[in-house]
Protein chains: 2
Amino acid sequence: MALVALGRATGRLFTEALEPTGLKPRHLGVLGRLRLGPLTQQSLADAVHTDPTQLVALLNELEAAELVSRRRDPDDRRRHIVELSSAGSRRLAEAERRVEQAEQRLLAGLTLSERGQFAQVLGMIVANTGITIDCDSVTDASVDIDTC
Amino acid sequence: MALVALGRATGRLFTEALEPTGLKPRHLGVLGRLRLGPLTQQSLADAVHTDPTQLVALLNELEAAELVSRRRDPDDRRRHIVELSSAGSRRLAEAERRVEQAEQRLLAGLTLSERGQFAQVLGMIVANTGITIDCDSVTDASVDIDTC
DNA sequence: TATTGTTATACTCTATAACTATA
DNA sequence: TATAGTTATAGAGTATAACAATA
């Protein structure tokens, strides 16, 4: 179905748009969530619907780039508290800008009302089926930049 | 973006719907193309926009299941001519039925006119961007079962 | 004993290069 | 030498199980 192919193509588009930032879509999801505040790795994994096991690798990369920090939770030394750095905050903003530009290119041929309809239909499909989706703001009327 | 996640979820939906047939979406694309007539592997690879190298594995599986046959082209013995068997034809029909059912579930909440709008918008996005898509009938008004 | 984070393993997909047999 | 098909290899992405430290 065309929807699958278009989804893949869109994924490639976003991935390429992010390339200059050194981030991949999944990194963006993590950084975006951390902007709301520091989290434990477990709760972060839940929040971005990622396997805790895969989150480790993502965080290793983000930490190596000094975009996030990990520190032990003094209350429970098994836990790591993950926090967005100021560099991470800046990188996130830049990445979001690039993704938004890519999205503008993608939707260039559509009028505002068509974009609204499109977002609405996407939301309805998600809502009306048992489909589990990896990201949150699907019903966001602006088809906005949740790059989960 | 929601579109990416929905595309992935839809892909999983179709893949699962096909499981009882022992086929994967890519097999379906190959079988569907062969229904139009026998082809050389090269032209088949072109037709379904698949790497000739990956097509080999797909055809090995389809041939092992006796859904297609490969024979040398007498005019150029380097070439293989690939042909749909009658069993392949039946399996294809069954697979298409299952995919269509999955699609009905996916679009269950939408009215006919909403489905039309949706297909139209998908087509416009594809047409208005430089996106290369792996399948043909994207602009098909019925959002029909090209499972490429 | 259970939980947090980590490592190791494996399996699928995909992309690329090298090989064979024919031309 | 070039082409059709094949094989081998390596790289992402993902899922699962086992492990160390801590509770």
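Reminder, nothing fancy here: chain letters follow the sequence lines and each chain counts from 1.
Ion pair A:Glu96/A:Arg35 flagged as a salt bridge, since at least one NZ, NE, NH1 or NH2 atom sits closer than 4.0 Å to an Asp/Glu carboxylate oxygen.
Comparing the axis of the opening five pairs of the helix from C:dT1-D:dA23 to C:dA23-D:dT1 with that of the closing five pairs yields an angle of 30°, rounded to 10°.
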- Note on the structure: With B for base contact, S for sugar-phosphate-only contact and - for none (protein heavy atoms under 4.0 Å), nucleotides 13-23 of chain D reads SSSBB----BS
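When atom types are taken as modelled, the side chain of B:Glu63 and the backbone of B:Arg70 share a donor-acceptor pair closer than 3.5 angstrom. Looking only at distances, no side-chain donor or acceptor of B:Arg33 sits under 3.5 Å from a matching main-chain atom of B:Leu44. Listed for the B:Thr111 side chain is a donor-acceptor partner under 3.5 Å among the backbone atoms of B:Glu114.
Contact of the A:Arg72 side chain with the A:His80 side chain is registered, since non-hydrogen atoms from C-beta on lie closer than 4.5 Å. A heavy-atom distance below 4.5 Å is found between the side chains of A:Phe118 and B:Ile125. A heavy-atom distance below 4.5 Å is not found between the side chains of A:Val121 and B:Val121.
Checked by atom type, the side-chain pair B:Gln42/B:Arg79 shows no donor-acceptor distance below 3.5 Å.
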For residues 16-24 of chain A, run the donor-acceptor check on the side chains, cut-off 3.5 Å, and write out each pair with its distance to 0.1 Å, sequence neighbours left out.
from, atom 1, to, atom 2, distance (Å)
A:Thr21, OG1, A:Leu18, O, 2.6
A:Thr21, OG1, A:Leu23, N, 3.2

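Boundaries of the chain B contact region on DNA chain C are C:dC13 to C:dA23, first to last in 5' to 3' order (nucleotide atom under 4.0 Å from a heavy atom).
Within the structure, the side chain to side chain donor-acceptor pair (under 3.5 Å) test picks out no pair touching residues 84-93 of chain A (sequence neighbours left out).
Applying the 6.0 Å contact sphere to CD of A:Glu66 captures no more than 12 heavy atoms from other residues, nucleotides or ligands.
Of all the residues in residues 32-45 of chain A, not one reaches under 4.0 Å from DNA chain D with any non-hydrogen atom.
In this structure, the separation between OG on A:Ser69 and CG on A:Leu59 is 10.5 Å, given to the nearest 0.5 Å.
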